[in-house]
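The next block holds one structure in the form of structure tokens; read it before the comments.
Order of listing sets the numbers, starting from 1, for every ligand and every atom in it.
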Amino acid sequence: VVSTAAEEALRLTCAVLQHQLSRMDDATVAAAAALAASSDQRRRTGRYPLLDLAAVAEPVAAEMPRTVAALVPLALPEQLAVDGRELQTRGLQARRELVEAWLDDVGQVDRRAAFWIGAAAGPILESAAASIGTPDRSKWAGPSCPFCGGWPRVSVIAEESGEFMAGSPRFLVCGRCAGWWSFARATCPNCREDDPRKMAAHIAAGRRGVRLDVCDTCSTYIKTFDLRVEGSADVVPLVDDVASVALDLWADSRGWHRSSVSLAGA
Ligand SMILES: [Zn+2]
Ligand SMILES: [Zn+2]
């Protein structure tokens with residue numbers, strides 16, 4: 001059962017990523033991304049999130065029918081396809097309102113609608129986030145994404161920075177725009193617990209380079225990829241997250257839950 005669920009989730013994620021990649025160079029997508037990233041004033045005045053999300057809603061709503069048309073023929077889970085077709089038939093304004101709710105808080109939208117919005121929004125948000133620099137830690141140290149305000153999906157431990165006594169930096173990775181930002185090593189991104197006795201890292205047998213950082217205080221966990229481990233150089237956090245879904249099933253059996261919705265969580 002585990003491997004079937006994992007294969008299904010991985011197949012879905014790969015189909016979404018392939019579609020998103022094919023949209024990255026599209027002129028409409030590029031123009032929407034440029035508009036979302038154009039707010040110099042937000043950066044100068046330190047207003048977060050840095051992207052202009054009000055400018056994102058309409059182009060994402062306009063992109064959705066194309067996303068549905070591209071993905072539905074790929075034998076998606078049935079209910080996901082049904083909901084996608086239903087979204088396709090809605091008017092632009094109705095879709096736009098749904099996208100606005102999602103941009104405000106992913107949790108306000110049901111998981112299958114969130115899947116479709118996320119798949120359509122990815123190319124615009126990713127291009128926009130990639131075009132502006134990551135704020136350094138003195139400017140942004142919060143658990144939500146400084147680019148789009150989304151929640152982190154996984155975290156990553158990178159090579160040591162080379163700065164004296166700085167240690168290996170940890171980054172959170174956004175599930176919406178794939179942006180990375182620096183975050184304290186031993187702090188729960190969900191409830192900000194920072195007592196080391198309340199935080200435990202669980203490493204699965206036979207899987208080096210990936211672990212679950214579990215918080216006793218709020219019973220959530222975040223999956224962490226350690227890029228310093230040999231063989232981790234080609235880890236793509238949002239893909240390897242899905243490829244290691246067996247770890248999530250194991251965590252679920254222990255009563256721990258993720259604080260964020262997975263791309264393939266439909
Ligand atoms: Zn983001
Ligand atoms: Zn916590």
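An angle of 110° is found at the Zn ion (ligand 2) between C191 atom SG and C215 atom SG, rounded to 10°.
Among all heavy-atom pairs drawn from P135 and Y48, the shortest one is CB-OH, 3.7 Å. The minimum heavy-atom distance linking G149 with P49 is given by the pair N-CB, 3.5 Å.
With W102 as the fixed residue, the side-chain contact (heavy atoms from CB on, under 4.5 Å) test singles out one of D104, L98, D105, V106: V106. If you run side-chain contact (heavy atoms from CB on, under 4.5 Å) between V60 and each of T67, V99, L125, L103, only V99 comes through.
Neighbours of the Zn ion (ligand 1) restricted to protein N, O or S atoms under 2.8 Å: the count is 4.
Figure legend: R258 and W151 shown without cation-pi pairing, the cationic atom not lying both under 6.0 angstrom from the six-membered ring centre and within 45 degrees of its axis.
By the 4.5 Å heavy-atom criterion applied to side chains, Y221 and H202 are not counted as neighbours.
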